[in-house]
Number of protein chains: 2
Amino acid sequence: MNEDHTRTPLDDSLSQNSSTVGPKSLRVDARRNRVRILDTALSFFAAEGLSVRIEEIAQQAGVGIGTVYRNFPTKELLFEAVIHRYQQKLVEEAESLLDHDDPGEAFFRYITRVIEGGAANKALTAALSGTEIDMETVASGISDNLRDVLGKLLARAQQSDAVRADIGADHVKALMVGTILAIEKSADEIGLPVGIISVICDGLRTKPI
Amino acid sequence: MNEDHTRTPLDDSLSQNSSTVGPKSLRVDARRNRVRILDTALSFFAAEGLSVRIEEIAQQAGVGIGTVYRNFPTKELLFEAVIHRYQQKLVEEAESLLDHDDPGEAFFRYITRVIEGGAANKALTAALSGTEIDMETVASGISDNLRDVLGKLLARAQQSDAVRADIGADHVKALMVGTILAIEKSADEIGLPVGIISVICDGLRTKPI
DNA sequence: TCATAAACGGAATATATATTCCACTTTATT
DNA sequence: AATAAAGTGGAATATATATTCCGTTTATGA
């Protein structure tokens, strides 16, 4: 009775590369369900944060609760799996901006994009900020990877004198998180996001004189 | 059996002016308990946010759960009562800065103070940002009052050309909330708050050239 | 001091939801 | 087609906590 189908949360997102066999080759129907669950969970988490009921995800995904739990033994683990994707995308995006001609623009474009994307995605917000959950694993995962690339992006921008020198990646990360949260929490006044982002960016720039 | 001791949440904080009789003159022990509950709730909410159990508050306040519920029929109402105090303080503080010589400094001093105070107070954060709860009543109450004074403070600062003209009180409020949340959520890197606040303030300033 | 209404305490109740369990299906293998 | 292994659904369980209920205690005014 010793169930050990519990894969570690970070190595499994279900290797899309159809050729490779994957963790242990799931049965075809199982793999399909897994994808459905992840997709559904993503949209729910993004829209409503961690408070969605597992039952609702299961229903919408067209599977039973039990199936969700077979794949993700815990709500938290499901969340982690969902977030792990997003994280990857963010990091990749940052990396692709690392060899941009204008380090300053690369930097500002990146934080703008992260903020705009995040403001529409409660799941990401929760993951980045640690709101709503403890998030041992993911949090540190995100922090490490994202802080790294962000740090590089920032360093280049600072070297090219586009960004003030007295701040670090932590500041930037905090500012992004805060801005995302602020936008998310505010009544949806039109124009708010743009205005706020502009304030942040201006505050980060080196001063003219 | 029709209990109607349910006072409206905003008119009752227990009128300190000992001379006036108050809402309906509580029995002396009842009044004492009410204060204890409010005080205890404040510190708990500030430290841990809305997730504290009512039972814990009751215990720490030295009363039974029933007594808490007699005074505040709902966890949410208790929270509202607690927040109402803080709100009042914030508004008063803003008002007292309205006739400061230097409108710019008054403005920046105020948002700095709110941010620094808020970052240590999860209750305020929750109330301001709407995190963790719906907060119909308080939210709008805070919004209205605080937005008002904040607007005045901002207007003066803008007239004196200390703050860029293209933003409104909503932006400022969102920025404050975001900053508070960012600081609160970040691991406590020393110096983070100062650095972040400085970025925000710089971003709000009119530009030199 | 007594009677009475007000207030109290905390066990019991209600509710919401995460998680488990297992009899039943479906897939893969022969 | 038959069988074993893998996977499934969803009722049942476990748990956490907000809220109610009511017998007991306490302040107050005569």
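All values derive from a computational prediction rather than experimental measurement. Residue numbers begin at 1 in each chain, while the letters A, B, ... track the order of the sequences.
In this structure, the CZ atom of B:Arg70 is 15 Å from the P atom of D:dC22, given to the nearest Å. For the pair B:Glu76 CD and D:dT17 P, the interatomic distance rounds to 18 Å; values are reported in whole Å. What separates CG of B:Leu78 from P of D:dA18 is a distance of 11 Å, to the nearest Å. Regarding B:Arg34, its CZ atom lies at a distance of 11 Å from the P atom of C:dC8, rounded to whole Å. Per the geometry, CD1 belonging to A:Ile37 stands 14 Å off C1' belonging to D:dG10, to the nearest Å. The interatomic distance linking B:Leu77 (CG) with D:dT20 (P) rounds to 11 Å, in whole Å. Between A:Leu26 atom CG and D:dT8 atom P there is a gap of 9 Å when expressed in whole angstrom units.
Each of D:dT8, D:dA18, C:dT19 was ranked by its minimum atom distance to the side chain of B:Tyr69; first place goes to D:dA18. Here the nucleotide nearest the side chain of A:Asp29, chosen from C:dT27, C:dA7, C:dA18, is C:dT27.
For the atom pair OG1 (A:Thr40) and CG (A:Leu78), the distance works out to 9.5 Å, reported to the nearest 0.5 Å. Atom-to-atom distance recorded for A:Asp170:CG and A:Arg147:CZ is 4.5 Å, nearest 0.5 angstrom.
Inspection of the A:Thr67 and A:Arg36 side chains reveals no N or O donor paired with an N or O acceptor under 3.5 Å.
Judged by a 6.0 Å distance limit and a 45° cone about the ring axis, B:Arg205 is positioned over the six-membered ring of B:Phe108.
Near DNA chain C, meaning a heavy atom under 4.0 Å away, the residues from residues 55-67 of chain B are B:Gly62, B:Val63, B:Gly64, B:Ile65, B:Gly66, B:Thr67.
Across A:Arg32, A:Arg27, A:Arg31, a single residue satisfies salt bridge (Lys or Arg N to Asp or Glu O under 4.0 Å) together with A:Asp29, and that is A:Arg27.
Between B:Asn33 and C:dC8 there is a side-chain N or O to OP1 or OP2 distance below 4.0 Å.
Atom CD of A:Glu55 sits in a sparse spot, with 12 or fewer heavy atoms from other residues, nucleotides or ligands closer than 6.0 Å. Few gaps surround CD on A:Glu105; more than 12 heavy atoms of other groups in view lie less than 6.0 Å from it.
Residue-to-nucleotide contacts include a donor-acceptor pair under 3.5 Å from the side chain of B:Arg27 to the base of C:dA6.
Mapping B:Val28 and B:Arg53 onto DNA chain D by nearest heavy atom places B:Arg53 at the nucleotide closer to the 5' end.
Here the side chain of A:Lys75 pairs a donor or acceptor atom with the backbone of A:Leu50 at under 3.5 angstrom.
The ring pair (Phe, Tyr, Trp, His ring centres under 6.0 Å) check on A:Tyr110 picks up nothing, with sequence neighbours excluded.
Rounded to 10 degrees, the angle separating the terminal helix axes of the helix from C:dT1-D:dA30 to C:dT30-D:dA1, each built from five base pairs, is 10°.
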